[in-house]
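Here the structure is a predicted model, which means the values were calculated and not measured.
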Amino acid sequence: MSPTRTSRGRLPVARPLVAALSALLPLVAAAQETPAAKDPVALDALQVTAQRRVENAKDVPVAISAIQGEKLDVLGSAGDDIRFLAARVPSLNIESSYGRAFPRFYIRGLGNTDFDLNASQPVSLVYDDVVQESPLLKGFPLFDLANVEVLRGPQGTLFGRNTPAGVVKFDSARPSQDADGYVRVGYGSYNSWNVQGAYGGPLTDRWSARVSAIYQRRDDWVDNTRAGAPNSGFEGYDEAAGRVQFLYEGDDFEALFNLHKRKLNGTARLFRANIIQKGGNGLVENFDRDKVANDGVNFSDLETWGGSARLQWNLGSVTLHSITGYETAESLNRGDIDGGYGDASLGAGNYGPGFIPFSSESADGLPHHRQWTQEFRVESNEWGRFDWQAGVFYFDEDVTINNFNYNSLKPGNPQTGHVVQNQRNKAWAVFASGDFDVTERFKLRAGVRYTQDKKDFNASVLQAVLPFGTPVSGPYLANTDVNDVSWDVSGVYKLTDNVNAYARVAKGFRAPSIQGRLAFAPGLSQADSEKVISYEAGIKADLFERRARLGLSVFRYNVDGQQLIAVGGTNNTATLLNADKTIGQGVELDLEAYLADNVLLTFGSSYNDTEIKDKDLAVAICGGGCTINDPTTVINGGTYALVNGNPLPQAPKWIHNATLRVGFPLSDGSELYAYTDWAYRSAVNFFIYESPEFRGRSSLEGGLRLGYNWDYGQYDVAVFGRNLTNQTRVVGAIDFNNLTGFLNEPRTWGVEFTAKF
């Protein structure tokens with residue numbers, strides 16, 4: 001299968017989007033001919049909790065995108081994991097080298113490509129007001145949600161952990177005294193099932209409860225052609241998750257309790273050897289995404305559970321909040337990292353597909369993990385021109401990581417290496433913020449947070465590692481103890497009753513990182529704190545009598561000491577680094593509009609320009625097969641790339657997304673509708689250095705849903721397709737061995753039925 005060609009300078013692969021939208025134009029015209037209601041349809045006010053209290057998004061001086069309701073359901077209809085949100089809002093990218101288990105988030109180009117199980121990320125994920133620090137907690141399935149909010153720029157004043165790039169925030173549907181629920185059943189390609197449901201209602205006049213659950217599965221759809229291999233197929237999964245909530249509502253006291261659990265069994269990320277054309281970034285000739293030849297063991301097992309208690313007391317002039325959270329995870333993820341079988345030492349014809357210098361099969365496990373957090377926060381209750389909130393936050397995480405190596409060239413794939421890492425991370429903070437109505441039209445906001453963060457780390461080699469022969473040694477010990485002050489100052493000016501302008505300056509902070517991947521190199525790897533100063537200004541508007549909503553922002557940020565990870569190279573090392581400086585700048589647009597009473601359009605776009613500014617920063621280059629575009633230097637006999645001026649990895653310059661829903665109401669309370677959605681991101685570098693082979697091509701993926709609902713939306717049946725054009729893209733790579741990559745999700749089709757009650 002040959003790759004799609006594009007012309008330099010054109011919007012890559014734009015024709016499918018143009019064709020799909022053009023096909024819907026007659027439907028738009030037909031919908032406009034539908035007799036209008038007496039009161040024209042208008043957008044509901046967008047309520048968000050970006051400042052830890054419910055507000056109209058137009059009044060909040062932060063770049064915010066929200067996904068909720070039908071749009072969220074449509075995007076997740078194929079049973080995809082949290083990565084389906086990538087490029088669905090401006091400046092957001094999500095990828096993973098672990099598959100469904102370990103998503104990595106990037107906002108405005110800032111993220112972390114690190115694959116270690118104690119890796120910190122500059123994008124914080126907050127689920128039901130509890131920060132999810134471990135990468136393995138961040139992929140909890142999305143179901144029965146009230147809202148998804150993406151907050152761009154540093155958010156350290158009000159959110160508790162590592163937020164210099166932003167926050168992705170999920171809020172579950174809450175219990176209430178009104179009984180309601182739903183059941184959704186979807187079936188599609190590769191014998192996939194996506195089943196979820198929820199029900200909630202009163203237990204007494206004070207207590208209510210809500211139970212929700214999801215089950216997703218898919219058969220293996222990639223055949224393994226390697227005779228006698230441990231796995232006959234790949235890319236299947238079996239996943240279940242559930243959540244139960246209890247809400248007590250008293251006169252001046254409220255308590256919301258949450259218990260949740262997730263269990264995933266499936267195959268790990270599927271690496272494919274030598275699939276990238278040398279000298280370019282297309283797929284090799286005769287590539288078949290339905291087949292692979294691997295000799296290693298492949299599986300992914302993950303189990304997480306946790307709970308939280310959110311309490312609030314109305315004390316008259318103030319409200320006191322207490323948020324207690326506990327999370328734990330256990331996992332083991334094993335894969336054939338070389339992406340094929342054999343190695344060059346076996347002689348010609350005994351390894352493939354293509355050249356594989358050495359065999360590599362490894363596993364990472366989390367036998368022990370626990371995290372608990374506690375926050376106390378006091379907020380004012382309508383103090384007139386001045387409102388405020390202040391609090392304290394505590395974080396305690398204890399992690400044990402196992403790293404294993406195996407020899408897939410011997411029968412039974414025996415274990416050849418074992419490294420153990422242990423980390424204890426404790427942090428506490430005090431914070432305060434306030435807003436003051438300077439005039440009726442101008443509001444000033446400011447916040448500050450003091451953080452103390454401490455890590456104690458040790459690592460030991462329990463079994464010598466082949467083929468690199470790391471000696472048995474240890475323990476290696478390290479610790480960090482740092483403090484920092486984060487802050488933000490912003491203002492909102494009401495230009496008219498429907499148009500607000502805002503400006504914001506914010507400082508963010510991420511604590512130091514420590515790693516001990518001793519399987520390939522002796523000694524620990526450390527990175528110091530990173531600090532971000534961000535400048536942002538924008539316009540938020542409700543237009544045409546609230547038939548349209550617009551958000552436009554411009555920004556620039558400077559990162560001092562940005563934490564980066566140099567992954568791979570000849571020895572497959574993972575080295576933590578600090579870049580002297582990184583700069584980023586760009587523009588973001590959010591638009592939602594009713595083109596007619598039954599025609600809803602959403603559009604998002606962002607431009608992000610990032611650049612590493614460090615003339616001395618050098619990283620190891622690939623182990624073989626790639627072309628290095630950067631200047632190189634020799635350090636201790638090894639070749640390194642000088643990366644000054646390079647963009648950040650996994651940081652697309654352009655992101656565009658659009659949805660269009662066209663409805664045809666019928667007289668009996670039913671409706672026919674069509675819904676299409678498209679997301680584009682421009683090319684990205686997979687690594688810090690620049691190489692044509694490891695520069696992922698631009699991507700455009702679209703979906704289509706055709707449905708019928710009746711009884712005023714209580715029941716819905718639809719057919720859907722995801723990745724309609726069956727676009728195949730390399731979305732990540734391994735560079736230590738050969739031109740090995742992993743791919744996006746294939747095209748899928750399905751049917752779905754939903755009943756609400």
Side-chain angles (χ1 to χ4, degrees), residues 112-122 133-136 161-162 327-332 362-373 394-405 415-429 451-466 468-484 509-531 561-569 571-579 619-620 635-636:
N112 187 0
T113 58
D114 195 352
F115 56 87
D116 205 290
L117 295 183
N118 72 331
S120 70
Q121 295 182 349
E133 179 68 10
S134 169
L136 294 179
R161 291 289 300 170
N162 293 336
E327 304 288 341
T328 185
E330 184 176 347
S331 77
L332 185 61
S362 65
D364 290 325
L366 199 70
H368 169 72
H369 167 273
R370 66 121 182 95
Q371 168 201 300
W372 76 270
T373 56
Y394 182 74
F395 172 88
D396 187 348
E397 182 186 49
D398 191 11
V399 179
T400 299
I401 301 170
N402 281 326
N403 307 123
F404 301 100
N405 267 52
Q415 180 178 306
T416 60
H418 182 194
V419 174
V420 175
Q421 306 179 62
N422 296 283
Q423 178 175 286
R424 183 74 178 270
N425 184 191
K426 294 182 179 181
W428 63 270
T451 300
Q452 184 82 27
D453 190 286
K454 181 179 180 180
K455 289 186 174 77
D456 293 306
F457 183 93
N458 68 79
S460 300
V461 179
L462 302 187
Q463 182 180 0
V465 179
L466 298 175
F468 302 104
T470 302
V472 176
S473 58
Y476 293 85
L477 305 174
N479 61 76
T480 63
D481 192 350
V482 299
N483 60 74
D484 186 79
F509 157 77
R510 181 156 61 121
S513 296
I514 312 171
Q515 290 183 0
R517 296 192 67 86
L518 306 176
F520 299 100
L524 303 182
S525 181
Q526 297 187 55
D528 295 331
S529 303
E530 71 178 25
K531 300 178 182 180
Q562 183 181 358
Q563 296 182 28
L564 298 170
I565 183 79
V567 178
N571 291 327
N572 189 27
T573 55
T575 304
L576 289 166
L577 305 166
N578 287 101
V619 301
I635 303 175
N636 296 326

* D116 vs Q421, side-chain contact (heavy atoms from CB on, under 4.5 Å): CA-CA, chis, key distance, verdict -> CA-CA 10 Å; D116 205 290; Q421 306 179 62; 3.5 Å; yes
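- Between P122 and E530 the shortest side-chain heavy-atom distance falls below 4.5 Å.
- Contact between F457 and G516 at its shortest, heavy atoms only, is CZ-N, 3.4 Å.
- To the nearest 0.5 Å, atoms OG (S513) and CG (L576) are separated by 6.0 Å.
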* Report the C-alpha separation of L518 and Y476 in whole Å, then their side-chain angles, then the decisive distance to 0.1 Å, and conclude whether the side-chain contact (heavy atoms from CB on, under 4.5 Å) test is met. => CA-CA 9 Å; L518 306 176; Y476 293 85; 3.4 Å; yes
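- Of the possible polar contacts, one joining the Q371 side chain to the E133 backbone as a donor-acceptor pair under 3.5 Å is found.
- Although no hydrogens or angles enter the test, the distance criterion places no donor-acceptor pair under 3.5 Å between the side chain of T480 and the main chain of K454.
- Residues satisfying the side chain to side chain contact (heavy atoms under 4.5 Å, CB included) test with A427, not counting sequence neighbours, are R161, F395, D453.
- Here the shortest heavy-atom pairing between Q526 and A478 reads NE2-CB, 3.8 Å.
- Here the closest non-hydrogen pair linking L564 and A579 is CD1-CB, 3.9 Å.
- H418 NE2 to F404 CZ: the interatomic distance, rounded to the nearest 0.5 Å, is 3.5 Å.
- A salt bridge is absent between K455 and D481: the closest approach of a Lys/Arg side-chain nitrogen to an acidic carboxylate oxygen does not fall below 4.0 angstrom.
- Listed for the H369 side chain is no donor-acceptor partner under 3.5 Å among the backbone atoms of V399.
- With R370 contributing its side chain and D396 its backbone, the two residues share a donor-acceptor pair below 3.5 Å.
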* Asked: Does the pair N479 and D456 meet the rule for a side chain to side chain donor-acceptor pair (under 3.5 Å), with working shown?
  -> CA-CA 4 Å; N479 61 76; D456 293 306; 4.7 Å; no
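- Going from atom CG of N483 over to atom CZ of F509 covers 8.0 Å, rounded to the nearest 0.5 Å.
- Checked by atom type, the side-chain pair T400/N422 shows a donor-acceptor distance below 3.5 Å.
- Distance alone, capped at 3.5 Å, places no donor-acceptor pair between the D398 side chain and the N425 backbone.
- Donor-acceptor pairing under 3.5 Å is lacking for the side chains of Q562 and N578.
- Under a 3.5 Å cut-off, the side chain of S460 and the backbone N or O of V420 do not form any donor-acceptor pair.
- Heavy-atom minimum distance, Q563 versus P512: NE2-CA, 3.8 Å.
- Between I401 and L366, some side-chain heavy-atom pair lies under the 4.5 Å cut-off.
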* Take N118 and Q423, measure what side chain to side chain donor-acceptor pair (under 3.5 Å) needs, and give me the verdict at the end. => CA-CA 8 Å; N118 72 331; Q423 178 175 286; 2.9 Å; yes
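- With hydrogens and angles ignored, the 3.5 Å screen pairs a side-chain donor or acceptor of Q463 with a backbone N or O of Q415.
- Note: D484 CG to R510 CZ = 13.0 Å, rounded to the nearest 0.5 Å.
- Of all non-hydrogen atoms in S362 and N405, the two that sit nearest each other are CB-OD1, 3.9 Å.
- In this structure, the side chain of S134 engages the main chain of L136 through a donor-acceptor pair within 3.5 Å.
- Under the 3.5 Å distance criterion, the side-chain polar atoms of N112 are matched with a main-chain donor or acceptor of S120.
- With values rounded to the nearest 0.5 angstrom, D364 atom CG is found 8.5 Å from L332 atom CG.
- In this structure the side chain of E397 never reaches within 4.5 angstrom of the side chain of W372, judged on heavy atoms.
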